[in-house]
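Everything below concerns the one structure shown next.
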Number of protein chains: 2
Amino acid sequence: MEDRRNDGQRPPATLASIAARVGVSANTVSRALRAPDTVRPELRRKIATAMEDLNYVPNRLAGGLAGTRSDLVGVVVTSLYYSEFATIVDRLQSTLLASNLHVMLANTRYDADEELKLVRSMLSWRPAAIAIIGVDHHPKVNDLLRHSGVPIVEMWDLDGDVIDSAAGLDHGEIGAAQARHLIERGYRNLAFLGSMREIDARAAKRAAGMRRLAERQGLPPVVMKTRAEPGHPDLGEALCLELLADNPAIDGIVCNSDTVAYGVLRGLRKLAKNVPEDVGVIGFGDAEASACLTPTLSSVRPDRDNIGRLSAEIILERLRDKPSRIAPIDWDIVARDSSRRGMPTIGNDM
Amino acid sequence: MEDRRNDGQRPPATLASIAARVGVSANTVSRALRAPDTVRPELRRKIATAMEDLNYVPNRLAGGLAGTRSDLVGVVVTSLYYSEFATIVDRLQSTLLASNLHVMLANTRYDADEELKLVRSMLSWRPAAIAIIGVDHHPKVNDLLRHSGVPIVEMWDLDGDVIDSAAGLDHGEIGAAQARHLIERGYRNLAFLGSMREIDARAAKRAAGMRRLAERQGLPPVVMKTRAEPGHPDLGEALCLELLADNPAIDGIVCNSDTVAYGVLRGLRKLAKNVPEDVGVIGFGDAEASACLTPTLSSVRPDRDNIGRLSAEIILERLRDKPSRIAPIDWDIVARDSSRRGMPTIGNDM
DNA sequence: TTGAAAGCGCTACCAA
DNA sequence: TTGGTAGCGCTTTCAA
């Protein structure tokens with residue numbers, strides 16, 4: 001197959017090559033870019049034309065090295081799937097872009113070693129700030145971030161040792177609220193089910209909040225049914241079948257994610273258990289499909305837009321030397337049919 | 001609130017500061033990092049300790065500027081949602097990382113101007129290669145990429161003017177296959193429904209493939225029902241209600257994404273249309289939830305793993321000066337209940 | 001309004 | 001096995 005790439009071409013244009021072509025100094029070209037007002041309009045136009053002609057793209061390695069500040073914000077997430085953090089990243093990016101900050105994204109895939117590598121890699125670009133999912137990191141990661149000298153915003157969680165600033169949820173409280181939701185509707189024998197990776201402290205916090213509440217209410221201990229695999233409906237179904245086989249009395253299931261809950265609903269159907277009459281189910285995250293299942297799935301909806309927007313705003317504030325802060329983010333329980341025991345099904349949620 | 005950030009600290013450690021501390025030249029420290037074998041083990045250990053102590057993080061701006069090659073691969077996607085491209089990015093990243101190439105991600109959000117800005121921004125980091133979704137770009141983007149002098153891999157699509165290499169699907173063929181799937185099951189009055197942004201040439205190609213097939217088969221013209229909004233179940237439901245109100249004869253709906261199809265199924269339920277008896281529905285993308293809906297949703301499953309892996313491999317090949325190539329990616333139709341007209345429902349897909 | 005010169009932190013090359 | 005030197009392409013003074 002022929003080589004379509006325009007190879008063997010001249011090296012990329014530099015400021016100097018533009019300058020030479022126009023007949024000015026590199027300095028002037030640089031100013032035409034960063035402070036156009038200080039360059040004669042006519043000259044400015046000539047320079048712009050030369051840049052177009054030569055397909056000039058500024059070299060940020062050089063710019064960043066020479067300059068004082070970077071326009072790069074590093075964003076470290078644990079996963080890209082299931083809209084879990086996609087909305088956050090999206091909002092973060094669009095808000096930062098409005099202030100001309102560019103996002104560089106890294107994905108740890110829930111791997112602590114990977115997190116360390118990626119944070120190190122991220123910092124090596126000398127970013128203006130870092131946004132990262134969670135507050136529970138590899139100790140070395142905490143160290144690196146703390147000594148980085150740039151603003152750090154931890155997102156999604158805020159229960160723990162915050163490095164600089166945070167915008168997140170109180171997962172312990174959410175776990176308790178999930179349990180309360182089921183208990184109020186008459187479910188008594190609760191289980192927590194789903195994917196739970198070691199690095200995912202948020203899941204553990206929700207489970208703990210749930211257990212505390214059940215205990216306070218004098219209910220049987222919460223049965224834990226988790227596995228360290230990525231969340232997927234198939235995992236949910238498998239865990240659900242195991243759970244009910246070992247604990248037939250279970251009548252309320254809190255899932256670690258909506259995706260897993262989808263599989264749980266499927267599993268319960270296979271076991272001929274009615275939802276919500278026999279078993280109540282609630283998920284976490286309120287994925288798009290949750291209002292389209294049969295029965296529709298109750299869930300917890302974090303205000304993701306706000307996490308992204310607020311994290312960006314905190315970064316901008318910190319860059320202007322405003323004080324750090326810890327911002328709790330709103331969430332609510334979306335009660336749908338999967339936990340509507342004893343109540344008439346009112347049809348699909350709009 | 002107090003300031004948790006360790007501010008006012010000494011500037012980040014440099015190679016020189018490490019060198020000074022150990023009492024060697026910066027050069028040696030650099031080699032200790034890039035070619036450890038050329039440094040005495042004892043010295044190497046001392047250097048490593050100093051780096052630990054000073055929390056040294058190499059400055060890639062300087063390294064990239066001085067060195068000959070970059071270990072950065074720019075990845076440009078159109079969206080981060082619905083696992084559409086998340087799996088691809090994930091696979092791409094993990095494959096590249098194995099060769100010590102780091103991914104920098106940008107998200108155009110289906111905005112052509114944004115694409116131009118982001119590609120320019122990407123190139124300004126002097127990446128070793130670029131992977132980008134689609135083959136239909138802003139003309140200026142084509143220009144920039146073509147002149148960038150680095151390998152370019154276009155992903156997800158391959159029907160059009162490929163810049164360098166591609167790993168993707170033939171969307172026209174997929175559209176035809178979706179239509180054929182419905183036609184074979186007895187559906188006759190077809191519609192194409194969903195989100196369709198101007199920049200999303202893939203959707204247009206699938207719709208065109210579908211229309212061509214319907215015409216060849218002498219069926220009524222395919223009704224188009226699209227809107228330039230992001231795909232979401234609510235959009236699907238709204239479009240579905242409109243569609244059936246204006247075209248009551250429609251009995252086969254090809255959706256532009258599974259997410260939109262979820263809303264279509266909900267809309268059809270509200271209209272008291274039975275799926276698959278009255279209306280057949282097929283989506284695109286095979287999202288996780290599709291096997292969990294009632295009825296389960298038929299869809300097209302692209303081999304996303306392969307797109308990501310292959311794109312990474314092509315990049316590695318190109319960096320070793322192997323020839324460019326255009327790699328068609330497998331896909332198949334996952335036939336589930338939503339298009340199983342006249343056939344007994346066999347229960348939930350596993 | 002423009003230019004000259006220094007230097008950001010690193011790598012590459014050559015010499016020791 | 002180590003060190004010296006010369007840049008990489010840009011920004012930042014300062015001077016013209």
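Proteins get letters first, then strands, A, B, ... in listed order; numbering begins at 1 in each.
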What is the distance from [atom1] of [X] to [atom2] of [N], rounded to the nearest Å?
| X | N | atom1 | atom2 | value |
| --- | --- | --- | --- | --- |
| A:L65 | D:dC8 | CG | C1' | 9 Å |
| A:I47 | C:dT2 | CD1 | P | 8 Å |
| B:R34 | C:dG9 | CZ | P | 17 Å |
| A:D71 | D:dC10 | CG | P | 15 Å |
| B:L15 | D:dG3 | CG | C1' | 14 Å |
| A:I18 | D:dT11 | CD1 | P | 13 Å |
| A:N59 | C:dC8 | CG | P | 18 Å |
| B:R40 | D:dT1 | CZ | P | 9 Å |

N/O (side chain, [X]) to phosphate O (OP1/OP2, [N]) under 4.0 Å:
| X | N | answer |
| --- | --- | --- |
| A:R31 | C:dG3 | no |
| B:T14 | C:dG9 | no |
| B:S30 | C:dC10 | no |
| B:T28 | D:dT2 | no |
| B:Y56 | C:dC10 | yes |

B:A13 and A:R126: which non-hydrogen atoms are nearest, and at how many Å?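 Looks like O-NH2, 4.2 Å.
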How close do B:M122 and B:P127 get, counting heavy atoms only, and between which atoms?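 Looking at all heavy atoms of both residues, the closest pair is O-CD, 3.4 Å.
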State which of D:dT11, D:dT2, C:dG9 makes the closest approach to the side chain of B:V39.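 Ranking D:dT11, D:dT2, C:dG9 by closest atom to the B:V39 side chain puts D:dT2 first.
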Out of D:dG7, D:dC10, C:dT2, whichever nucleotide has its closest atom nearest the side chain of B:A66: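 Output: D:dG7.
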Side-chain heavy atoms of A:L15 within contact of A:Y56, under 4.5 Å: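 A side-chain contact exists here, since the closest heavy-atom pair is under 4.5 Å.
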By nearest heavy atom, map B:V24 and B:R126 onto DNA chain D; which one lands nearer the 5' end?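 Upstream on the strand: B:V24.
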Heavy atoms under 4.0 Å, any strand shown: does B:L61 hit a base, just sugar-phosphate, or nothing?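 It contacts nothing in the nucleic acid.
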Reckon B:R60 touches a base, only the sugar-phosphate, or nothing at all at heavy-atom distances under 4.0 Å?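 The residue B:R60 makes no contact with any strand.
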When you check the gap from the basic side-chain N to the acidic O, do B:K140 and A:E52 get nearer than 4.0 Å?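 Salt bridge: yes.
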Do B:R60 and A:S121 have side-chain atoms, one donor and one acceptor, less than 3.5 Å apart?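 Indeed, the side chains of B:R60 and A:S121 share at least one donor-acceptor pair under 3.5 Å.
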